[in-house]
Amino acid sequence: MASAAFALTSPAAPAIAARSKVLGWGKNQGRNGCRVGITRKNFGRVLMALAVDVSRFEGVPMAPPDPILGVSEAFKADKNDLKLNLGVGAYRTEELQPYVLNVVKKAENLMLEKGENKEYLPIEGLAAFNKATAELLLGADNPVIKQGLVATLQSLSGTGSLRLAAAFIQRYFPEAKVLISSPTWGNHKNIFNDARVPWSEYRYYDPKTVGLDFEGMIADIEAAPEGSFVLLHGCAHNPTGIDPTPEQWEKIADVIQEKKHMPFFDVAYQGFASGSLDEDAFSVRLFVKRGMEVFVAQSYSKNLGLYAERIGAINVVCSAPEVADRVKSQLKRLARPMYSNPPIHGARIVANIVGDPTMFGEWKQEMEQMAGRIKNVRQKLYDSLSAKDKSGKDWSFILRQIGMFSYTGLNKAQSDNMTDKWHVYMTKDGRISLAGLSLAKCDYLADAIIDSFHNVS
């Protein structure tokens with residue numbers, strides 16, 4: 001073992017040499033992930049010992065960056081003054097700054113004045129929040145609420161609510177499959193994969209029309225095994241911004257009812273898409289009015305700007321009060337080992353705003369203003385594209401889409417050009433967040449889109 005610069009002449013030398021051979025000393029001294037330590041022991045004529053510990057995490061590979069959150073990291077590293085971050089769906093002011101709603105500030109000030117404590121919530125969350133969120137979703141006078149047919153659990157925003165529901169499906173419907181729109185929000189597939197719930201896609205987006213492939217959607221839902229869960233976007237479909245019409249929602253409900261499927265709504269933009277809480281809840285209320293049992297995941301990240309508070313809920317509309325009680329008990333059982341109980345701050349904000357008529361009115365006004373700003377930006381972008389593009393291409397699909405996102409129809413290479421040449425950061429499926437765009441930047445973005453669409457194959 002001369003390479004270690006030691007002469008092993010003690011009686012223990014053969015044992016140490018054998019151990020060194022097994023551990024590969026001399027051959028892998030520089031191996032990444034190993035720790036080499038030398039301590040002194042009395043082996044007669046030589047004082048030494050050798051320890052080589054190989055990391056237990058040697059087999060753990062580096063994970064790829066998140067396709068959405070990774071966009072923000074790349075944006076931050078870009079030093080160009082013209083850069084735009086249209087990747088993450090978070091509302092920005094006309095000055096492209098984060099926005100905290102005034103009514104949220106008012107609610108927080110009232111909470112401080114009351115001096116409320118920070119004790120643990122029950123597993124199901126804050127009772128006042130659960131009542132408020134179910135009433136916002138379904139309407140305060142909805143018979144299913146009055147009859148006790150709704151099991152509501154406060155959860156960790158939309159993602160946590162979806163994950164909790166996925167665990168419920170995996171445990172109590174182990175043979176069922178979830179149908180997911182193609183395309184959909186990138187995290188949907190991750191959630192069901194990690195919950196070990198099988199899924200398949202139904203057609204949704206038609207690239208030829210940059211619109212809804214309604215016939216394909218209906219055909220795929222009809223062809224799915226009876227009793228499947230069908231994941232639907234309640235409003236402002238992410239990433240396309242393309243929603244079914246009221247008449248199309250009726251047909252979707254017909255097929256789901258006929259096939260005995262379970263509708264599962266992801267409602268992340270209620271009130272934020274159209275500016276109306278009731279209008280944006282149309283699809284969910286339609287299914288509930290038909291007497292169907294329904295899963296609904298809710299989030300308050302967008303419509304109240306509570307991104308970091310992780311406030312949302314999972315609601316299950318059931319056929320009888322005793323069924324709702326059993327479902328709620330099992331959701332609580334699943335939540336306990338996941339996160340034990342939800343955070344209180346955001347729940348109090350929602351409950352206080354919804355429970356106070358004045359603040360509730362102020363919230364609706366601010367939602368209308370936020371939704372209105374995005375509509376104005378959408379219109380301005382369409383106007384800029386139409387004025388600048390002399391090819392005759394019809395950009396009107398931008399106006400037919402709704403909510404904070406626009407599906408531009410750009411492919412990956414074209415989206416890469418948007419970033420590499422124009423410093424416009426977006427997801428590689430061609431989705432842009434109009435919430436991160438200002439009126440002043442619409443002409444610049446139009447130039448980038450036209451160049452990428454026409455000059456990159």
Side-chain angles (χ1 to χ4, degrees), residues 69 88-91 97-137 140 145 150-168 187 191 267-272 277 296-316 324-325 327-364 366-367 370:
L69 300 182
V88 180
Y91 182 79
Q97 296 302 310
Y99 177 62
V100 178
L101 276 69
N102 291 322
V103 72
V104 168
K105 295 177 183 177
K106 184 180 289 188
E108 288 184 313
N109 287 333
L110 288 174
M111 288 160 57
L112 289 172
E113 289 172 11
K114 291 179 182 178
E116 293 174 310
N117 61 47
K118 300 294 185 180
E119 290 293 307
Y120 288 123
L121 283 175
I123 299 173
E124 64 263 36
L126 186 69
F129 167 80
N130 288 346
K131 179 178 184 295
T133 195
E135 290 179 351
L136 278 174
L137 177 68
I145 294 178
V150 188
T152 300
L153 231 72
Q154 178 191 337
S155 192
L156 307 182
S157 199
T159 301
S161 301
L162 288 160
R163 183 63 179 81
L164 190 59
F168 186 93
N187 216 18
I191 289 167
V267 177
Y269 305 99
Q270 186 185 356
F272 192 79
L277 288 163
V296 188
Q298 284 173 283
S299 168
Y300 288 90
S301 292
K302 307 301 189 298
N303 56 14
L304 266 169
L306 298 177
Y307 305 101
E309 301 297 348
R310 311 315 296 145
I311 178 67
I314 181 67
N315 306 267
V316 188
D325 289 342
V327 168
K328 186 172 182 177
S329 74
Q330 294 298 341
L331 287 170
K332 289 166 63 176
R333 185 181 177 190
L334 289 163
R336 175 62 169 147
M338 275 192 191
Y339 55 85
S340 195
N341 43 26
I344 197 168
H345 191 79
R348 281 180 174 156
I349 292 173
V350 176
N352 289 344
I353 290 173
V354 177
D356 182 285
T358 300
M359 285 198 289
F360 186 56
E362 291 174 5
W363 177 36
K364 290 196 287 187
E366 286 195 81
M367 265 193 300
M370 290 190 294

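In what follows, residues are counted from 1 in the order of the sequence shown.
Put simply, the side chain of Asn187 does not reach to within 4.5 Å of the side chain of Leu162, judged on heavy atoms. Counting heavy atoms from C-beta outward, Lys114 and Asn352 have side chains that approach closer than 4.5 Å.
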- Item | Met359 vs Leu110, side chain to side chain contact (heavy atoms under 4.5 Å, CB included): CA-CA, chis, key distance, verdict | CA-CA 11 Å; Met359 285 198 289; Leu110 288 174; 3.7 Å; yes
- Between Met370 and Asn303, does a side chain to side chain contact (heavy atoms under 4.5 Å, CB included) hold up when you go through it step by step? CA-CA 9 Å; Met370 290 190 294; Asn303 56 14; 5.9 Å; no
- Task: I would like to know whether Tyr339 and Arg310 meet side chain to side chain contact (heavy atoms under 4.5 Å, CB included); could you show each step before the answer?
- Result: CA-CA 12 Å; Tyr339 55 85; Arg310 311 315 296 145; over 6 Å; no
- Task: Could you walk me through whether Glu362 and Asn102 pass side-chain hydrogen bond (donor to acceptor under 3.5 Å, both in side chains), step by step?
- Result: CA-CA 8 Å; Glu362 291 174 5; Asn102 291 322; over 6 Å; no
- Query: Are His345 and Met111 close enough, and set up right, to give a side chain to side chain contact (heavy atoms under 4.5 Å, CB included), and what steps lead you there?
  - Reply: CA-CA 9 Å; His345 191 79; Met111 288 160 57; 3.5 Å; yes
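For Ala132 against Val354, the heavy-atom pair with the smallest separation is CB-CG1, 3.8 Å. Of all heavy-atom pairs spanning Ala351 and Leu126, the tightest one is CB-CD2, 4.2 Å. Leu153 and Leu164 make their closest contact through CD2-CD2, 3.7 Å (heavy atoms, listed as atom of the first residue, atom of the second, distance). Closest approach of Leu121 to Pro342, counting heavy atoms only: CD1-O, 3.6 Å. Taking each heavy atom of Ser301 and Ser299 in turn, the nearest pair found is N-OG, 3.1 Å. Looking at every heavy atom in both residues, Ala313 comes nearest to Thr133 through CB-CG2, 4.0 Å.
Here CG of Leu136 is found 10.5 Å from CD1 of Ile353. Values are rounded to the nearest 0.5 Å. Expressed to the nearest 0.5 Å, how far CD1 of Ile349 lies from NZ of Lys106 amounts to 14.0 Å. Interatomic distance, CE of Met367 versus CD of Gln270, reported as 8.0 Å (0.5 Å rounding). Taking CG from Leu334 and CZ from Arg163, the interatomic distance works out to 9.5 Å, rounded to the nearest 0.5 Å. In this structure, OG on Ser157 lies 10.5 Å from CD on Gln298, to the nearest 0.5 angstrom. From Ile145, atom CD1 reaches atom CG of Leu137 across 8.0 Å, with rounding to the nearest 0.5 Å.
Ring-plane geometry between Tyr300 and Phe129 is classed as perpendicular, the angle between the planes exceeding 60 degrees on a 0 to 90 degree scale with a lower cut at 30.
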